[in-house]
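Just below is one structure, and these are the notes that go with it.
In what follows, chains are A, B, ... by sequence order, proteins preceding strands, each numbered from 1.
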Number of protein chains: 2
Amino acid sequence: MSDTITLPAPADFHVHVRQGAMCELVTPHVAAGGVRTAYVMPNLVPPLTKTEAVLEYKKELERIAPNVEWLMTLYLHPEVTPDEIRKAAKAGVSGVKSYPRGVTTNSSSGIEDYGVYYPVFEAMEEEGMVLNLHGEVPSDDEKNISVLNAEKHFLEHLRKLAADFPNLRIVLEHATTAEAVECVASLGPNVACSITAHHLWLTIDTVAPQPHHFCKPLAKEPRDRKALQGAVRSGNPKFFMGSDSAPHPSASKMPSISEAGELHSCAAGCYTSPYLIPLVATLLESFGALDKLQGFVSDNGRAFYKIPAKAGEEVVIRRPAVAVKVPSKLEGHGNEVVPFWAGRELGWEIVN
Amino acid sequence: MSDTITLPAPADFHVHVRQGAMCELVTPHVAAGGVRTAYVMPNLVPPLTKTEAVLEYKKELERIAPNVEWLMTLYLHPEVTPDEIRKAAKAGVSGVKSYPRGVTTNSSSGIEDYGVYYPVFEAMEEEGMVLNLHGEVPSDDEKNISVLNAEKHFLEHLRKLAADFPNLRIVLEHATTAEAVECVASLGPNVACSITAHHLWLTIDTVAPQPHHFCKPLAKEPRDRKALQGAVRSGNPKFFMGSDSAPHPSASKMPSISEAGELHSCAAGCYTSPYLIPLVATLLESFGALDKLQGFVSDNGRAFYKIPAKAGEEVVIRRPAVAVKVPSKLEGHGNEVVPFWAGRELGWEIVN
């Protein structure tokens with residue numbers, strides 16, 4: 001392999017850039033990490049269920065980081081009607097994100113039943129909008145559904161949606177299981193799958209003792225990571241990068257006990273934006289898939305979303321002459337975030 | 001059910017009381033939690049591989065808490081020879097604990113192959129010593145062995161040992177899976193199983209976001225917890241309490257980053273000693289097994305270990321008139337430990 005790689009405008013098809021002070025801190029990191037086009041999640045507080053709110057948020061992101069193409073989404077919710085879909089499509093909103101209720105950060109407004117949204121999906125199909133699925137069902141002790149098998153149980157919903165809406169583009173987000181990879185590969189060209197950087201590296205063994213590795217969906221078994229790596233190595237264009245880069249204040253990654261003696265859980269999410277392309281290059285090289293880097297970060301997602309790379313937006317990476325380590329924290333605007341792979345060495349760096 | 005229960009001398013057949021300042025803090029908690037006999041783990045630094053070291057440790061525990069009967073164990077290791085076993089048996093050491101290498105706190109001296117220990121097991125059989133097994137194999141990515149299935153993979157070793165040594169009493173410690181419960185129930189009377197308080201309550205959903213719930217073996221799926229609760233509810237005398245109460249300084253339960261930028265994992269262990277019997281009573285009542293409390297905490301383990309309860313050592317518990325909460329931390333001797341169930345209300349309290 002060459003020591004320099006030129007990538008046509010890398011795109012991250014799943015990113016969280018938050019609100020307020022945290023948004024000010026993390027939004028510039030997207031371009032710093034080598035990403036030219038970012039597909040933005042709508043799970044704010046309150047969630048983005050109206051076109052106006054999405055456009056306002058987009059304006060904010062463009063103010064902070066005008067050098068990135070921001071692709072926007074609505075949060076699937078009873079307020080999102082077929083009329084709202086047509087309005088959003090006209091305004092340039094790219095997709096709609098579905099969160100099953102209660103499964104991750106800011107998902108308390110999530111959906112419980114897809115049936116009621118069929119008229120919405122029909123409108124999306126007509127307007128050419130993409131449906132993005134957080135592919136986990138809520139945990140249920142009686143049915144033995146836990147964070148370990150929540151994704152596998154979701155796949156029946158994916159299969160049904162794919163069959164009922166063959167012209168609706170559907171993305172299973174942040175796949176974590178061998179079963180999800182197989183399922184997506186088996187479905188028609190309207191179904192694709194995003195894969196995060198962290199799920200290409202973590203397994204449950206490194207998640208359980210480390211809150212900074214805790215994310216939803218949880219990283220699973222070695223066989224699952226192997227399947228994700230295999231999907232990337234295969235070059236199948238259905239699989240592309242969606243980092244699910246999700247910053248949390250470092251304090252919210254620590255267990256804490258309130259004055260009243262209540263124990264608080266750690267927030268779910270890994271933060272990879274500030275060095276995303278170098279990290280992904282390092283990971284792909286570690287499992288023999290560096291030759292699929294361009295497909296994974298530039299071509300596959302853009303082809304599925306129909307967002308061609310613009311000329312002049314190439315990102316050049318090289319093997320660093322001097323060791324480059326991921327910083328142990330990122331600070332600014334009153335926030336501090338501990339990034340994924342803190343303190344570890346990257347095998348690649350961005351030149352331009 | 002009555003509002004008062006009298007339990008013949010409760011015994012905890014798996015407890016960690018550590019060394020140095022931590023030992024000073026936690027050793028008195030054993031009696032405070034309603035335990036009269038405690039079976040002590042040997043995974044100190046260095047591990048207890050010699051009878052003299054075990055006796056010295058026992059003296060230390062008796063100095064700190066003379067009101068508890070301390071049952072002692074050796075750490076299975078090449079230094080533990082058949083001669084050492086006979087010496088230990090004469091000195092009153094009760095058992096030998098086996099840690100597979102690297103699977104939990106202070107297990108770097110653990111074993112890799114049981115075959116080489118067969119002469120030791122023969123000597124233990126003759127001397128009537130008990131073999132205590134940490135029932136997990138080390139993780140192995142190539143074989144898809146992770147902390148999720150490490151216990152299931154261990155069961156073949158348990159079956160083989162039980163068959164090869166039908167007169168050796170063997171305890172599978174801190175079972176966490178439905179498969180382990182089934183396996184122990186299916187084996188002969190020489191095989192028993194300890195169950196912790198925390199595994200009767202946790203599942204992977206409450207472990208993943210909470211370092212204070214991180215322990216080895218990891219709590220698994222709802223079906224597994226149900227099997228553990230079912231084992232207790234069945235009253236099968238093969239199943240008894242071994243708390244695996246394992247204190248860690250609260251700082252070591254937090255993720256941390258060194259000056260050099262290295263991310264440190266959280267320590268594995270839940271600490272239940274200071275209120276163990278009230279907690280276990282509360283849990284058993286929650287799943288309809290309060291009538292099996294005496295068997296679980298007093299009778300079953302003692303019968304298997306042949307350690308009868310002494311008269312006058314009864315523990316009386318009652319439903320509290322005023323709400324009793326687990327403290328948010330326990331402090332002393334320069335240490336601070338966050339206990340399991342911190343801030344939660346207990347349904348029972350110790351009277352005497």
Side-chain angles (χ1 to χ4, degrees), chain A residues 103 138-150 178 203-226 250-251 253-268 325-329 338-345, chain B residues 103 138-150 178 203-226 250-251 253-268 325-329 338-345:
Chain A
V103 299
S139 289
D140 183 329
D141 285 353
E142 286 310 305
K143 294 177 182 162
N144 192 43
I145 297 173
S146 71
V147 290
L148 294 179
N149 58 23
T203 66
I204 187 72
D205 277 66
T206 46
V207 171
Q210 184 46 269
H212 291 298
H213 294 167
F214 171 57
C215 57
K216 296 294 290 297
L218 218 57
K220 310 290 189 316
E221 297 187 73
R223 69 183 275 276
D224 297 302
R225 182 180 59 183
K226 204 171 167 185
S250 56
K253 279 293 204 177
M254 303 281 172
S256 64
I257 299 180
S258 73
E259 286 294 314
E262 279 166 35
L263 194 59
H264 292 294
S265 291
C266 302
K325 279 189 176 183
V326 173
S328 55
K329 57 188 172 183
V338 174
F340 181 70
W341 257 37
R344 290 187 67 93
E345 203 173 318
Chain B
V103 300
S139 289
D140 183 329
D141 285 355
E142 287 311 303
K143 296 177 181 163
N144 192 42
I145 296 173
S146 72
V147 291
L148 293 179
N149 58 22
T203 66
I204 187 70
D205 277 65
T206 45
V207 171
Q210 184 46 266
H212 291 299
H213 294 167
F214 170 56
C215 56
K216 297 292 291 297
L218 219 56
K220 311 290 189 317
E221 297 188 72
R223 70 184 275 276
D224 296 302
R225 182 180 59 184
K226 204 171 167 184
S250 56
K253 279 294 206 176
M254 302 281 173
S256 64
I257 299 178
S258 73
E259 286 295 313
E262 279 166 34
L263 195 58
H264 293 295
S265 292
C266 302
K325 280 190 176 181
V326 174
S328 56
K329 56 188 171 184
V338 174
F340 181 70
W341 257 38
R344 291 187 67 93
E345 203 173 318

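- In terms of non-hydrogen atom pairs under 4.5 Å with chain A, the most contact-rich of B/G343, B/C266, B/S250 is B/C266.
- Closest approach of A/W341 to A/E345, counting heavy atoms only: CZ3-O, 3.4 Å.
- Note: A/M254 leads A/K253, A/M254, A/K329 in heavy-atom pairs under 4.5 Å with chain B.
- Ranked by non-hydrogen atom pairs under 4.5 Å with chain B, the options A/K226, A/H264, A/E262 are led by A/H264.
- Using a 4.5 Å cut-off on side-chain heavy atoms (C-beta onward), B/S146 and A/T203 make no contact.
- For B/F340, the ring-ring contact (aromatic ring centres under 6.0 Å, His included) test picks out B/H198, B/W201, B/H213, with sequence neighbours left out.
- Heavy atoms only, all atoms of each residue included: B/V338 and B/H212 are closest at CB-CE1, 3.5 Å.
- The residue among B/S258, B/S265, B/A342 with the most heavy atom pairs within less than 4.5 Å of chain A is B/S265.
- Proximity to chain A involves both the backbone and the side chain of B/I204, based on heavy atoms less than 4.5 angstrom apart.
- Comparing A/A208, A/S328, A/A267 by heavy-atom pairs within less than 4.5 Å of chain B, the highest count is held by A/A208.
- In terms of heavy-atom pairs under 4.5 Å with chain B, the best-connected choice from A/D224, A/D205, A/T206 is A/D205.
- The two atoms that bring B/N149 and A/E221 nearest to each other are ND2-OE1, 3.1 Å, heavy atoms only.
- In this structure, the side chain of A/D141 does not engage the main chain of B/P222 through any donor-acceptor pair within 3.5 Å.
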